[in-house]
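Below you'll find the structure, written out as structure tokens, and then a few comments.
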2 protein chains.
Amino acid sequence: MYSNFSSAFWEGYRLGVTGIIAEFNPLHNGHKRLIDFAEKNGDTVVCVISGNFVERGDVACLSKAKRAEFALKCGVDIVAEMPVLWSMSTAQNFALCGVFELYNLGCDTVLFGSECGDIEKLMKTADILLSDEFSLIVAEKMKSGITFAAAREEAAVKLGAEKDILSKPNNNLGLEYIIAAKKLKLPLKFATVLREGEPHDSKNEGSNYVSASFIREKILSGDIGYAERFMPLQIRGSFSPDSVADIRRADRAFLGILRTKAQEDFKKLPDLSEGIENKLYFSLRVAKSLDELYGMIKSKRYTLARVRRLVLSAVLGFDKKFFMRTPPYIRILGFSARGEEHIRTAVSIIPVVMRVSEIAKLDSDSRDVFETECLATDLYALCFSRPLECGLEYKYKLLKP
Amino acid sequence: MYSNFSSAFWEGYRLGVTGIIAEFNPLHNGHKRLIDFAEKNGDTVVCVISGNFVERGDVACLSKAKRAEFALKCGVDIVAEMPVLWSMSTAQNFALCGVFELYNLGCDTVLFGSECGDIEKLMKTADILLSDEFSLIVAEKMKSGITFAAAREEAAVKLGAEKDILSKPNNNLGLEYIIAAKKLKLPLKFATVLREGEPHDSKNEGSNYVSASFIREKILSGDIGYAERFMPLQIRGSFSPDSVADIRRADRAFLGILRTKAQEDFKKLPDLSEGIENKLYFSLRVAKSLDELYGMIKSKRYTLARVRRLVLSAVLGFDKKFFMRTPPYIRILGFSARGEEHIRTAVSIIPVVMRVSEIAKLDSDSRDVFETECLATDLYALCFSRPLECGLEYKYKLLKP
């Protein structure tokens, strides 16, 4: 079911309709390299991108409209949105939504960048992680008091995985894609490209491929010119400081929203454990900034990214009923001429929406998902140098050739 | 039932236990003159002050704790709080709560400043405003399309009121006190002191008595030294820029809170007419600041102060069930030695609370009123240069000698 796309197989091999799951926050040279690879070795390139809130529990530095536009300019054929309920969620949920959307948009292959660059090794590791034995060993190891991440790595190595695979973030995310597809029994193939340049979160400027967090830092500090050195030529000069969103501008707004909530409002949040919803409530009573709040909740078990997601999920009033479920519809943000042609042939088992007005006709789950999306965008609008109005979801214009 | 306290009667007349309803936003020389007058001509001086949100639909520039402290320093014996549901309400509701609290705290006289300075004229005008004839004439006059304020003045003059009385804000507020007491059948006497110096909202700096809005402007612009020139000696040097609250700091917070609300959430707000709750909802969808929002809703019928109150009532989730009702408890913020002695003798028909912990034992209306108060203070906390924590209501320490 899964083809092997390790580097030795590339010569002469065609990828077919290739899917990429990404945040493009912002789209940089590393992303461009992945898109170019998909374009050169396959047919149509389909992307599922995070909406205005991203997986690390933050707002995207540029709106999804802007990021979809950039993706199309850089060679992507179809850009679909990952609704905020999944985009600002665990890696598992993020992966679940991503592969499910890609499959329904007619992709046969999912392409991702990884530190290991070897799809065979990753496929094998995925099988290990999915085995019953693995769960048993992890449970056993955690009794000794080590972290889940450490127990997970030790158990995988014990079952034959290569030592360093699970310590690298892009390997891990790729593994989540593979695992999600296996769980959903989607007949997708996987391919990986060796990640070049600096590791995730690195600040080394020497490379042509610096980390997205380094680029964001430059953008948020106002140095767009500098940030653009690491972005593809096609999109340089395409945004101004006015179009940059910074969560710090909404610090009091998000604190204020949390302050209006009752303790019981936090019970329906996803991804809770250890009574964290109560810790959240009591911490937000004393926190004077979001950063202070994150610091109060962070623990060995609740990483900073997880805490940030928890807090922003509370701000947006997430409902856990959508957690670890597949999305009820797929929303297209834009397409190229080739993408438009492809989209007509794709047979999706869930509605594919081109205009938000179509969502009103869907089931109540779809409307709930979209309502959360609208609120997310209305609050995202408070993160700009001058607040934007509400209802931008309704004003969104499908990007087309 | 109502004694005449026109100036001719002052010589030798004692006021008894004297009540003053005020915002002290901030306490200035004009207020001090009123307090001194009450002290010199009466016994105990009791004040009911607005909490952290004030009648004009704004936050108080200094916290109620600070303003209560200032009042005590300036000679007031008992400071009671007007809960936010009344303090940020119509003049009628504000007056209703004020006189009701003063009466229950054992006052026999309510003292206020007015432009007319003649209590006989004001008593007579109050009777006119309360007459059935008056309502009929107002209704008739409004058919011609003039504003309610204009119709009200014309009708009053027709029934024998002096021409300029109803065009002056302090006369009007005094009239509301008298009318509220009459409606509640409270055996209170009223006295007025001629207001000196500049009219309400004036910016003329020439006088010793400038308007509170002018002083606030100086405080909010950071010029505390200048503002203190118009404040009593007893309190000069008692606050720093850090203790000044400015609603502009919560602009995004309040917009954000409004953005999380559904259209139907606005139905339970007090003081609605003409479907204003829907206008509010649709305006807040496009407004990029509170000022912009106010401007969108303002109309001939909805004055700026009323609109500001409406918007902030929505932020605080006011419930109209408390509108035009008397408060369920009286909370004391502080007292002098004389005030402490007096308070033991006062026989209130509603609970008089010294510690917030006592409120938990009261009825559900009381707890609802206090819950709104807590939220108001938690959001007020976002109006400082650095946000303050939640729960300051619980930390409030009764000011005592």
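Hydrogens, waters and symmetry mates play no part in the numbers below; they use all other heavy atoms, side chains included. A, B, ... follow the sequence lines: proteins, then strands. Residue 1 opens every chain. Keep in mind the model is a prediction, meaning the values are calculated, not measured.
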Given heavy-atom pairs under 4.5 angstrom as the criterion, report whether the side chain, backbone, both or neither of [X] touches chain B.
| X | value |
| --- | --- |
| A/Glu371 | neither |
| A/Leu316 | neither |
| A/Phe384 | backbone |
| A/Ile257 | both |

- Query: What residue, out of A/Leu388, A/Val286, A/Leu255, has the most heavy-atom pairs lying under 4.5 Å from chain B?
  - Reply: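 Of the options given, most contacts go to A/Leu388.
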- Task: Let me see the working for A/Thr260 and B/Val315 under side-chain contact (heavy atoms from CB on, under 4.5 Å), right down to the final yes or no.
- Result: CA-CA 9 Å; A/Thr260 64; B/Val315 168; 6.0 Å; no
Non-hydrogen atoms of [X] and [Y] that approach each other most closely:
| X | Y | value |
| --- | --- | --- |
| B/Cys390 | A/Leu284 | SG-O, 3.9 Å |
| B/Pro387 | A/Arg252 | CD-NH2, 3.7 Å |
| A/Arg285 | B/Asp378 | NH2-OD2, 2.8 Å |

- Item | B/Leu375 portion near chain A, given a 4.5 angstrom heavy-atom threshold |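 The side chain, not the backbone.
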- Message: Quick check on B/Glu274: does its CD atom have over 12 non-hydrogen neighbours (other residues, nucleotides or ligands) under 6.0 Å away?
- Response: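 Count over threshold, so yes.
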- Item | Option in B/Ala253, B/Gly317, B/Gly391 with maximal non-hydrogen atom pairs under 4.5 Å from chain A |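 Heavy-atom pairs under 4.5 Å are most numerous for B/Ala253.
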